[in-house]
Number of protein chains: 2
Amino acid sequence: MSGLPRLVQPKRDISRREDYLEAIYNLNEEKGYVSAADISDRLGVKPPTVSSMVVNLARKGYLDHERYRGMRLTRSGEKVAKSVIKRHQVISGLISMLGVDDQTAYVDTEGIEHHVHQSTLRRLQKLAEYLRENPDTLKAVLEFLEEK
Amino acid sequence: MSGLPRLVQPKRDISRREDYLEAIYNLNEEKGYVSAADISDRLGVKPPTVSSMVVNLARKGYLDHERYRGMRLTRSGEKVAKSVIKRHQVISGLISMLGVDDQTAYVDTEGIEHHVHQSTLRRLQKLAEYLRENPDTLKAVLEFLEEK
DNA sequence: TATATAAGTTAGACGTATCTAACATGTTTC
DNA sequence: GAAACATGTTAGATACGTCTAACTTATATA
């Protein structure tokens, strides 16, 4: 028998749903409306995949959707999207600050963002904030980064 | 049409495989051998799930496996496991350092670790290292964390 | 050593996200 | 306003990781 307690729950992975909500929110900010084709491009999936996820999200109450016409986030969907985006910004902000190029920062953040607890997120955010407020420290870190 | 390029690839999620390799490596370190039951406990999945993943990993060349007898990581499996564990340590080291409790740090890291580029990882590691080497700075960050 | 128990495996099913092919609807253009 | 085109949806299939139930093999014990 193992000496350690079980730490990890089986993964349920709601993260895909969050990806869609995030994309939908952002697209709406950028263009004022959201088309399935744009979601499809943004997330790199085919249109039918978008269709079925849209139905899924609508069923869950995150989205109002009128067949062949359009869609819009509900209050609840917007709320989730905003919190996902917040996480995204905190994390990608920190790793960008450390000199990771934007595209890498974006992609890494995509991978990370769904998995972090509030308390962890808050601390990472504070760390980023600290570095922003103390440019000398940030500079020292960045110099340290360059060494060897 | 969307104004931004496609940034995200469809997720293939090799992360589950990495979780198993990590668990197998750690269990072997702890006990000197690895049983399916321990993997099952460690990862919170049922034994048949372990069986099928074991076959999967063996087919991929990460594991030598003798039916009903036992298993052992191959060189290649060990190499992957070590790199996963390395990532794990870097990230959980950093977030522990920020005062996140151990269990949360562990779980968050599980979520994060599969998704981070080498270059990002290296920078996070360096950041952690910097904070370790400059305890005054770390102290300042932690105090900043407590404010408000 | 024979049997009971524990550990591991196979068979078969399910849910989720994805795909391609075919179809429906909406929009543009002559 | 009809035809062509673009966009969105449905149908049906696939891959993956998971599960339960039933079975097999190994180990412990009486």
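Throughout, protein chains are lettered first and strands after them, A, B, ... in sequence-line order, and every chain is numbered starting at 1. The basis for the numbers below is simple: all heavy atoms, side chains too, and nothing from hydrogens, waters or symmetry mates.
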S.K.: Measure from the side chain of B/Val45, starting at C-beta and using heavy atoms only, and say which of C/dC19, D/dT18, C/dG26 lies closest.
M.R.: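 Nearest to the side chain of B/Val45 among the choices is D/dT18.
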S.K.: Strictly below 4.0 Å: does A/Thr49 bring a side-chain N or O up to OP1 or OP2 of C/dA17?
M.R.: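 No.
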S.K.: Could you check A/Arg87 against A/Val84 for side chain to side chain contact (heavy atoms under 4.5 Å, CB included), going step by step and ending with a plain yes or no?
M.R.: CA-CA 5 Å; A/Arg87 273 182 278 166; A/Val84 174; 3.3 Å; yes
S.K.: Which whole-number value in Å describes the distance from A/Ile39 CD1 to D/dT7 P?
M.R.: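 Rounded to whole Å, this separation is 14 Å.
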S.K.: Evaluate the ring planes of A/Phe144 and B/Tyr130, with Trp represented by its six-membered ring, and classify them as parallel (under 30°), tilted (30 to 60°) or perpendicular (over 60°).
M.R.: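 Plane angle over 60°, so perpendicular.
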S.K.: Of the residues in residues 54-67 of chain B, which ones touch DNA chain D at a heavy-atom distance under 4.0 Å?
M.R.: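 Those residues whose heavy atoms fall under 4.0 Å from DNA chain D, taken from residues 54-67 of chain B in numerical order, are B/Asn56.
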S.K.: With the side chain of B/Ser52 defined as its heavy atoms from C-beta on, choose the nearest nucleotide among D/dT25, D/dT18, C/dA24.
M.R.: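 Nearest to the side-chain atoms of B/Ser52, counting from C-beta on, is D/dT18.
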S.K.: When the distance from OH of A/Tyr20 to C1' of C/dA17 is rounded to whole Å, what number comes out?
M.R.: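 Rounded to whole Å, this separation is 7 Å.
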S.K.: Could you give the CE-to-P distance, from B/Met53 to C/dG8, as a whole number of Å?
M.R.: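 Result: 17 Å.
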S.K.: A/Pro47 or B/Arg69: which one's nearest nucleotide on DNA chain C is closer to the 5' end?
M.R.: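 Comparing both residues, the 5'-ward one is B/Arg69.
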S.K.: For residues 75-84 of chain A, which residue pairs qualify under salt bridge (Lys or Arg N to Asp or Glu O under 4.0 Å), counting only residues two or more places apart or in two chains?
M.R.: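 For residues 75-84 of chain A, and leaving out neighbouring residues, the salt bridge (Lys or Arg N to Asp or Glu O under 4.0 Å) pairs sorted by first residue read A/Glu78-A/Lys82.
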S.K.: Who passes side chain to side chain contact (heavy atoms under 4.5 Å, CB included) against A/Arg132, sequence neighbours left out?
M.R.: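 With sequence neighbours excluded, A/Arg132 shows a side chain to side chain contact (heavy atoms under 4.5 Å, CB included) to A/Met97, A/Ala128, A/Glu129, given in chain and number order.
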S.K.: Under 3.5 Å, side-chain donor or acceptor atoms of residues 46-60 of chain B against the rest of the protein: list the pairs with distances, not counting sequence neighbours.
M.R.:
| residue | atom | partner | partner atom | Å |
| --- | --- | --- | --- | --- |
| B/Thr49 | OG1 | B/Lys46 | O | 3.4 |
| B/Ser52 | OG | B/Thr49 | O | 3.2 |

S.K.: Look at the side chain of A/Lys46 and decide which nucleotide, out of D/dT20, C/dT20, D/dT9, has an atom nearest to it.
M.R.: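 Out of D/dT20, C/dT20, D/dT9, the nucleotide with an atom closest to A/Lys46's side chain is C/dT20.
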S.K.: Residues two or more places apart in sequence or in another chain: which of them pass side chain to side chain contact (heavy atoms under 4.5 Å, CB included) with A/Thr74?
M.R.: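 Applying side chain to side chain contact (heavy atoms under 4.5 Å, CB included) to A/Thr74 gives A/Asp64, A/Ser76.
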S.K.: For the side chain of A/Tyr68, counting heavy atoms from C-beta on, which of C/dA11, C/dC19, C/dG26 is nearest?
M.R.: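 Within the option list, the nearest is C/dG26.
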S.K.: With respect to the side chain of A/Ser51, which nucleotide from D/dT9, C/dT9, D/dC19 is positioned closest?
M.R.: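 The answer is D/dT9, which lies nearest to the side chain.
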S.K.: Under 4.0 Å between any heavy atoms, over every strand shown, what does B/Ser35 touch: base, sugar-phosphate, or nothing? Just pick one.
M.R.: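 The answer is sugar-phosphate, as B/Ser35 gets under 4.0 Å only of primed atoms, P, OP1 or OP2.
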S.K.: Tell me every residue that passes side chain to side chain contact (heavy atoms under 4.5 Å, CB included) with A/Ile85, counting only those two or more places apart in sequence or in another chain.
M.R.: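 Listed in chain order: A/Glu22, A/Tyr25, A/Asn26, A/Gln89.
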S.K.: How many Å lie between CZ on A/Arg17 and C1' on C/dA17, as a whole number?
M.R.: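 Result: 11 Å.
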S.K.: From the set D/dA11, D/dT18, D/dT20, return the single nucleotide nearest to any side-chain atom of A/Pro48.
M.R.: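 Of the candidates, D/dA11 comes closest.
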S.K.: Measure CG/B/Asp38 against C1'/C/dG8 and give the value in whole Å, please.
M.R.: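 Distance, rounded to whole Å: 13 Å.
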